[in-house]
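The figures here come from the full heavy-atom set of this structure, side chains too, leaving out hydrogens, waters and symmetry mates.
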Amino acid sequence: MFVRRLSAPELLFPCSYHKKVVDHYENPRNVGSLDKTSKNVGTGLVGAPACGDVMKLQIEVDEQGKIVEARFKTFGCGSAIASSSLVTEWVKGKSIDEAQKIKNTEIAKELCLPPVKLHCSMLAEDAIKAALADYRLKQQDQDGETAKASN
């Protein structure tokens, strides 16, 4: 358990976030955006109406189908930000098929999320799937345009 000192005389307040969540929250990895108009960038935008969290996850895929870059922007609690940050690290270097297999249970386990915060890991899994779906759609559109141009 992570303990935080308050400025009052020697008061200790136990923080409900695990140290891994605090690390990703205080030092988020891969914050930012990629060019959403690029044919090799997939963008996933998902939200959780119950808590108001919104997560944008973007992936950049090379010609061999490997994810070479990932960025996120998240409006939400520490667990949502940590989940976003973690998955951007996890997807880099993976194929799109490998990234598709990342499950919210793995994210929750890595970050030691309590049951009340499991929706944050579900949101991150949904964001990965949405970004991959967007990337695949762009590739289909590209293939269709190439076929039209050759006719």
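For E98, the side chain to side chain contact (heavy atoms under 4.5 Å, CB included) criterion is met by K66, K94, S95, not counting sequence neighbours. Evaluation of the salt bridge (charged side-chain N to carboxylate O under 4.0 Å, His left out) rule for K109 yields no partner, not counting sequence neighbours. Here E106 pairs with nothing under the salt bridge (charged side-chain N to carboxylate O under 4.0 Å, His left out) rule; sequence neighbours left out. Residues passing the side chain to side chain contact (heavy atoms under 4.5 Å, CB included) test with S79, sequence neighbours excluded: Y17, V21, C77, L113, K117, C120. By the side chain to side chain contact (heavy atoms under 4.5 Å, CB included) test, A130 pairs with V46, sequence neighbours left out. With sequence neighbours excluded, the residues satisfying side chain to side chain contact (heavy atoms under 4.5 Å, CB included) with S38 are D35, N40, V41. Partners of K129 according to the side chain to side chain donor-acceptor pair (under 3.5 Å) rule, which considers only residues two or more places apart in sequence or in another chain, are E125. Partners of D62 by side chain to side chain donor-acceptor pair (under 3.5 Å), not counting sequence neighbours: none found. In this structure, the salt bridge (charged side-chain N to carboxylate O under 4.0 Å, His left out) partners of R71, at least two apart in sequence or on a different chain, are E69. Partners of D53 according to the salt bridge (charged side-chain N to carboxylate O under 4.0 Å, His left out) rule, which considers only residues two or more places apart in sequence or in another chain, do not exist here. Looking at residues two or more places apart in sequence or on another chain, you find no side chain to side chain donor-acceptor pair (under 3.5 Å) involving S121.
Under a hydrophobic clustering in which Ile, Leu, Val, Met, Phe, Trp and Tyr are joined whenever their side-chain heavy atoms come within less than 4.5 Å, directly or via other members, L45 and V87 fall into different clusters. In the hydrophobic cluster analysis, where Ile, Leu, Val, Met, Phe, Trp and Tyr join through side-chain heavy atoms closer than 4.5 angstrom, V61 is grouped together with F72. Residues V31 and I59 are members of one and the same hydrophobic cluster, defined by side-chain heavy-atom contacts under 4.5 angstrom among Ile, Leu, Val, Met, Phe, Trp and Tyr.
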_Pair I102-V91, side chain to side chain contact (heavy atoms under 4.5 Å, CB included): steps then yes or no_ = CA-CA 8 Å; I102 295 174; V91 298; 3.8 Å; yes
*Show your working on side chain to side chain donor-acceptor pair (under 3.5 Å) between S84 and K56 and close with a plain yes or no.*
CA-CA 8 Å; S84 306; K56 180 177 85 170; over 6 Å; no
*Criterion side chain to side chain contact (heavy atoms under 4.5 Å, CB included) on K92 and T88, from CA distance to verdict*: CA-CA 7 Å; K92 283 186 187 180; T88 60; 5.5 Å; no
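Residues H119 and L123 form no side-chain contact, since every pair of their non-hydrogen atoms from C-beta on lies 4.5 Å or further apart. At least one side-chain heavy atom of M122 sits under 4.5 Å from a side-chain heavy atom of L118.
At least one donor-acceptor pair under 3.5 Å links the side chain of Q58 to the backbone N or O of L34. For K20 (side chain) and E110 (main-chain N/O), a donor-acceptor pair under 3.5 Å exists by modelled atom type. A donor-acceptor pair under 3.5 Å is absent between the side-chain atoms of S85 and the main chain of I81, judged by distance alone.
Note that CG of D126 is 11.0 Å distant from CG of L57, once rounded to the nearest 0.5 Å. Distance check, rounded to the nearest 0.5 Å: NZ of K19 to CG of L111 gives 13.0 Å. Atom CZ of residue F75 and atom CE of residue M55 lie 12.5 Å apart, to the nearest 0.5 angstrom. For the atom pair NE2 (H24) and CG (L86), the distance works out to 5.0 Å, reported to the nearest 0.5 Å. Expressed to the nearest 0.5 Å, how far OH of Y135 lies from CD1 of I67 amounts to 9.0 Å.
Pairs engaging residues 82-91 under the salt bridge (Lys or Arg N to Asp or Glu O under 4.0 Å) rule: R29-E89 [sequence neighbours left out].
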